[in-house]
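Down below is the structure, laid out as structure tokens.
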Amino acid sequence: QVQLVESGGGLVQAGGSLRLSCAASGRTFSTYAMGWFRQAPGKEREFVAAITWSGGTTYYADSVKGRFTISRDNAKNVQYLQMNSLKPEDTAVYYCAAKLSRGSVYHRLNYEYWGQGTQVTVSS
């Protein structure tokens with residue numbers, strides 16, 4: 001069992017930055033690939049970014065590539081999402097997720113554990 005708790009969301013103006021954190025507890029954090037997803041009102045939950053267990057490979061949605069950076073610190077059991085140049089369309093609830101399975105990092109159904117989400121609101 002893995003427990004995930006996100007923090008760092010808030011209200012920011014367009015062009016600003018936020019850093020989300022996801023603290024993990026339970027089973028060995030370093031064995032899991034980690035991801036970030038987001039869900040805007042009335043829309044499906046979508047992939048944002050993912051990182052392999054070692055941190056050696058990262059993946060991004062086209063919509064955030066070049067603006068967001070995912071990272072992890074296995075010694076602290078934490079993953080991060082640095083979000084720069086934020087746009088109003090980035091407004092959503094952001095979820096941290098952990099994946100042990102071999103499935104694609106892009107598909108939310110392949111993630112076994114989820115946090116409760118943190119709200120990010122970008123004003124124009």
Test of understanding: clusters of I, L, V, M, F, W, Y form through side-chain heavy atoms closer than 4.5 Å, transitively. Do L81 and Y32 belong to the same one? yes
Does K99 use its side chain to pair, donor to acceptor, with the backbone of S101 at less than 3.5 Å? yes
Common cluster, L100/M34, ILVMFWY with side-chain heavy-atom separation under 4.5 Å: yes
State yes or no: are the ring centers of W36 and F47 separated by less than 6.0 Å? no
Verify, without hydrogens or angle tests, whether S54 (side chain) and G56 (backbone) share a donor-acceptor contact under 3.5 angstrom. yes
Have S17 and N84 got a donor and an acceptor in their side chains that come within less than 3.5 Å? yes
Hydrophobic cluster membership, V48 vs L86, 4.5 Å side-chain cutoff: yes
Residues L4 and A24: closest non-hydrogen pair is CD2-CB, 3.6 Å
Any idea which heavy atoms bring C96 and Q79 closest together, and the distance? SG-NE2, 3.3 Å
Quick check against the 3.5 Å criterion: does T52 have a side-chain atom that pairs as donor or acceptor with the backbone of T57? yes
Okay, side chain of Y111, backbone of V105: is any donor-acceptor separation there less than 3.5 Å? yes
Please walk me through it: do Y113 and Q3 pass side-chain contact (heavy atoms from CB on, under 4.5 Å)? CA-CA 7 Å; Y113 301 103; Q3 294 78 42; over 6 Å; no
Checking N110 side chain against S104 main chain: does a donor-acceptor pair fall under 3.5 Å? yes
Residue pair S71 / I51: nearest heavy atoms and the distance that separates them: CA-CD1, 3.7 Å
Electrostatic pair D62:K65 at N-O distance under 4.0 angstrom: yes
Within this structure, what is the OG-CZ distance for the pair S30 and R72, rounded to the nearest 0.5 Å? 7.0 Å
Which residues share a side chain to side chain contact (heavy atoms under 4.5 Å, CB included) with S85, sequence neighbours left out: R67
If we only count heavy atoms from C-beta on, is the Y80 to L20 side-chain gap below 4.5 Å? no
Y59 and Y106 aromatic ring geometry - parallel, tilted or perpendicular at 30°/60° bounds: perpendicular
Could you measure the distance from the OG1 atom of T58 to the CZ atom of F68? Nearest 0.5 Å is fine. 14.0 Å
Side-chain donor-acceptor pairs under 3.5 Å in residues 117-124, sequence neighbours left out?
residue, atom, partner, partner atom, Å
T118, OG1, G9, N, 3.3
Q119, NE2, A92, O, 3.4
Q119, NE2, T121, OG1, 3.3

Short question: side chain of E6, backbone of S21 - any donor-acceptor pair under 3.5 Å? no
Is R38 positioned over the aromatic face of Y95, cation under 6.0 angstrom from the ring centre and no more than 45 degrees off axis? no
Would the distance check show the side chain of N74 and the main-chain N or O of W53 forming a donor-acceptor pair, the cut-off being under 3.5 Å? yes
Report yes or no: do F37 and M83 belong to one cluster of Ile/Leu/Val/Met/Phe/Trp/Tyr joined by side chain heavy-atom distances under 4.5 Å? no
